[in-house]
**Q** 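Got a structure for you, written out below as structure tokens; questions coming shortly.
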Amino acid sequence: MPELPEVETVRQGLTQLVVGKTIAKVLVLWPKIIESPEVSAFSHNLVGQKINEISRRGKYLVFHLTDYDLVSHLRMEGKYEFFSEPSSELAAEEITGQLTVQELQDAFTKDELGGFPVTKHTHVLFFFTDGSQLQYHDVRKFGRMALLPKGTAGDYKGIARLGPEPTPEAFTLKEFKVGLLKSHKAIKPLLLDQHLVTGLGNIYVDEALWQAKIHPEQPANTLTDQEISRLRLAIIDVLKRAVAAGGTTIRTYLNALGEAGKFQLSLNVYSQTGKPCPRCGTPIEKIKVAQRGTHFCPTCQKLHQGNGRLVKKGAR
DNA sequence: AATACTACCTGCGTGC
DNA sequence: TGCACGCAGGTAGTAT
């Protein structure tokens, strides 16, 4: 679920909560979350590792440990939850309430859990030497973790192919323009694939396109110079404002401290179907673009013909 | 190579 | 009430 602003907010919370702590034990309850190495090595290698720093690249979190980089992607529903100490009564209640006896026996014993509450959506437990615990929760189980040699997170497949961070320095107009003009794709799915710039997801791409007054289905290579320039600034601005607001909570997102974001109060189009466009009053429409729900203003964001450059057939 | 579609999962709201 | 279906802050793998 989270896009860059939510991941950055999680990173800040986690930094407060677990930097400086040393891992005493790791339990993996849903093995598919661990991409590499195999689960037994993953758990074993983490014992004794200290968390020195937590950074972010695009929507990826990187835990910098004594001897490893731990890469974590939350995908749609991943969350971290921190417990400063065990609470055995709660644990017993939640276990019996949420897990079948079969599941419980298959996965672990109550003793192993050390008195921490676990639900059927709890998939990875990091026990720290000071008695606290960090849990990874994920209702849809799409999130992934990989434990890599120290200093190699940047070579990890998903991270290596990311475009620049959405800052004025890294995300240059020149490179953005070159990338856009090479693609016939609709602008929205092109921005979602993280190659030209990283960090946008379904909420912020709709917001940025609205801010730049560009139709989500406008072919990338037909954008005018003015539109490209506006779009770049809109992307940088929207993501920056959303980080400052602690992200957007529409349905389920909470940061590592269990708090909701505030950017939903500033949304202009996402989840605003039927409400008046804040610029012109036209009701916001919802359509489907590249299988994703897409919100836009049909008056402010018009599809248009080419940009004056040579346009190949098919662009409209 | 570039683009499009599907799989991966679970829960929730809607309409019959 | 039950059930089928569509939808959800994402990405990777597989077709075309």
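Chain naming here is simple, since letters A, B, ... match the order of the sequence lines and numbering starts at 1 in each.
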**Q** Among C:dG10, C:dA12, B:dC9, which nucleotide sits nearest the side chain of A:Arg161?
**A**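 Minimum distance to the A:Arg161 side chain belongs to C:dA12.
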
**Q** Does A:Trp30 belong to the same Ile/Leu/Val/Met/Phe/Trp/Tyr cluster as A:Val39, with side-chain heavy atoms less than 4.5 Å apart forming each link?
**A**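 Result: yes, single cluster for both.
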
**Q** Considering only the P atoms, how many Å lie between B:dA1 and C:dT11, rounded to the nearest integer?
**A**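 Between the two P atoms, the distance is 23 Å.
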
**Q** The side chain of A:Lys157 lies closest to which of these nucleotides: C:dG13, B:dT10, C:dC7?
**A**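 Nearest to the side-chain atoms of A:Lys157, counting from C-beta on, is C:dG13.
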
**Q** Picking from C:dC7, B:dC9, C:dT11, which would you name as closest to the side chain of A:Gln194?
**A**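 So the nucleotide nearest the side chain must be C:dT11.
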
**Q** For DNA chain B, what residues of residues 206-214 of chain A have any heavy atom nearer than 4.0 Å?
**A**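 Those residues: none at all.
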
**Q** Given C:dA8, B:dC8, C:dG10, identify the nucleotide with an atom nearest to the side chain of A:Lys32.
**A**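 Of all the options, the side chain of A:Lys32 is nearest to B:dC8.
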
**Q** Tell me whether the OP1 or OP2 atom of B:dA4 has a side-chain N or O from A:Lys185 closer than 4.0 Å.
**A**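 For A:Lys185, the contact criterion (side-chain N or O under 4.0 Å from OP1 or OP2 of B:dA4) is not met.
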
**Q** Tell me what A:Gly158 touches on the nucleic acid: a base, only sugar-phosphate, or nothing, going by heavy atoms under 4.0 Å.
**A**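 Contact class for A:Gly158: sugar-phosphate only.
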
**Q** In terms of the nearest nucleotide of DNA chain B, which residue is placed more toward the 5' end: A:Gln291 or A:Ser183?
**A**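 Whichever sits nearer the 5' end wins; that is A:Ser183.
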
**Q** Looking only at side-chain atoms of A:Trp30, point me to the closest of B:dC9, C:dG10, B:dT3.
**A**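 Taking heavy atoms from C-beta onward, the closest nucleotide is B:dC9.
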
**Q** A:Lys286 NZ to C:dC7 P: how many Å, rounded?
**A**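 Distance check: A:Lys286 NZ to C:dC7 P gives 8 Å.
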
**Q** In whole angstrom, give the distance that lies between atom CG of A:Asp193 and atom P of B:dT3.
**A**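 Going from A:Asp193 (CG) to B:dT3 (P), I get 9 Å.
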
**Q** Taking the nucleotide of DNA chain C with the nearest heavy atom to each, does A:Ile159 or A:Thr249 sit closer to the 5' end?
**A**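 Checking each residue's closest nucleotide, the 5'-ward one belongs to A:Thr249.
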
**Q** Determine yes or no for a side-chain-to-main-chain donor-acceptor pair under 3.5 angstrom, with A:Gln49 supplying the side chain and A:Asp67 the backbone.
**A**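 Side chain of A:Gln49 to backbone of A:Asp67: a pair is present.
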
**Q** C:dA12, B:dT10, C:dA8: which one has an atom nearest the side-chain heavy atoms of A:His121?
**A**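 Nearest nucleotide to the side chain: B:dT10.
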
**Q** According to a strict under-4.0 Å criterion, is A:His73 in side-chain N/O contact with OP1 or OP2 of C:dT11?
**A**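 Yes, such a contact exists.
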
**Q** Can you tell me the base-pairing partner of C:dA4? Count Watson-Crick or G-U wobble geometry only, both distances below 3.5 Å, and say none if there is no partner.
**A**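 C:dA4 is paired, partner B:dT14.
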
**Q** Taking atom types as modelled, is there a side-chain donor on A:Tyr253 or A:Glu259 under 3.5 Å from an acceptor on the other?
**A**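 No.
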
**Q** What's the shortest heavy-atom distance between A:Gly163 and A:Thr198, and which atoms?
**A**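 The answer is O-CG2, 3.5 Å.
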
**Q** Could you give the NE2-to-P distance, from A:His137 to B:dG11, as a whole number of Å?
**A**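 Distance check: A:His137 NE2 to B:dG11 P gives 14 Å.
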
**Q** Whole angstrom is fine here: how far is it from CG in A:Asn221 over to C1' in B:dT3?
**A**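 Spelled out: CG on A:Asn221 to C1' on B:dT3 is 13 Å.
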
**Q** Looking only at the side chains, is there a donor atom on one of A:Thr172 and A:Glu175 sitting less than 3.5 Å from an acceptor on the other?
**A**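 Note: A:Thr172 and A:Glu175 side chains meet the donor-acceptor criterion.
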
**Q** Between P on C:dG10 and CG on A:Leu74, what's the gap in Å once rounded to a whole number?
**A**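 Whole-Å distance recorded here is 11 Å.
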
**Q** What does A:Gly247 touch in the nucleic acid at a heavy-atom separation under 4.0 angstrom: a base, only the sugar-phosphate, or nothing?
**A**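 If one applies the 4.0 Å heavy-atom cut-off, A:Gly247 turns out to touch nothing in the nucleic acid.
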
**Q** How many whole angstroms separate atom CE of A:Met76 from atom C1' of C:dA8?
**A**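 So the CE-C1' distance, A:Met76 to C:dA8, works out to 5 Å.
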
**Q** Compare the ring of A:Phe142 with the six-membered ring in the base of B:dC8 and state whether they stack (centres under 5.5 Å, planes under 30°).
**A**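 Answer is yes, a stack.
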
**Q** For A:Leu4 and C:dG10, give me the distance from atom CG to atom P, rounded to whole Å.
**A**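 Those two atoms, CG and P, are 12 Å apart.
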
**Q** When we call it a touch if two heavy atoms are under 4.0 Å apart, what does A:Phe263 touch: a base, just sugar-phosphate, or nothing?
**A**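 The residue A:Phe263 makes no contact with any strand.
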
**Q** Between B:dC9 and C:dT14, how far apart are the P atoms? Round to whole Å, please.
**A**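 It comes out at 15 Å once rounded to the nearest Å.
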
**Q** Are the aromatic ring centres of A:Tyr80 and A:Phe63 under 6.0 angstrom apart?
**A**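 Yes: the rings meet the under 6.0 Å criterion.
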
**Q** Using atom CD of A:Glu3 as one end and atom P of C:dA8 as the other, report the distance to the nearest whole Å.
**A**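 It works out to 13 Å between those atoms.
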
**Q** Ignoring hydrogens and geometry beyond distance, is a side-chain donor-acceptor pair present between A:Asn255 and A:Lys79 at under 3.5 Å?
**A**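 No, A:Lys79 and A:Asn255 have no side-chain donor paired with an acceptor closer than 3.5 Å.
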
**Q** Measuring to OP1 and OP2 of C:dG10, would you say a side-chain N or O of A:Arg292 lies under 4.0 angstrom away?
**A**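 The answer is yes; a side-chain N or O of A:Arg292 sits under 4.0 Å from OP1 or OP2.
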
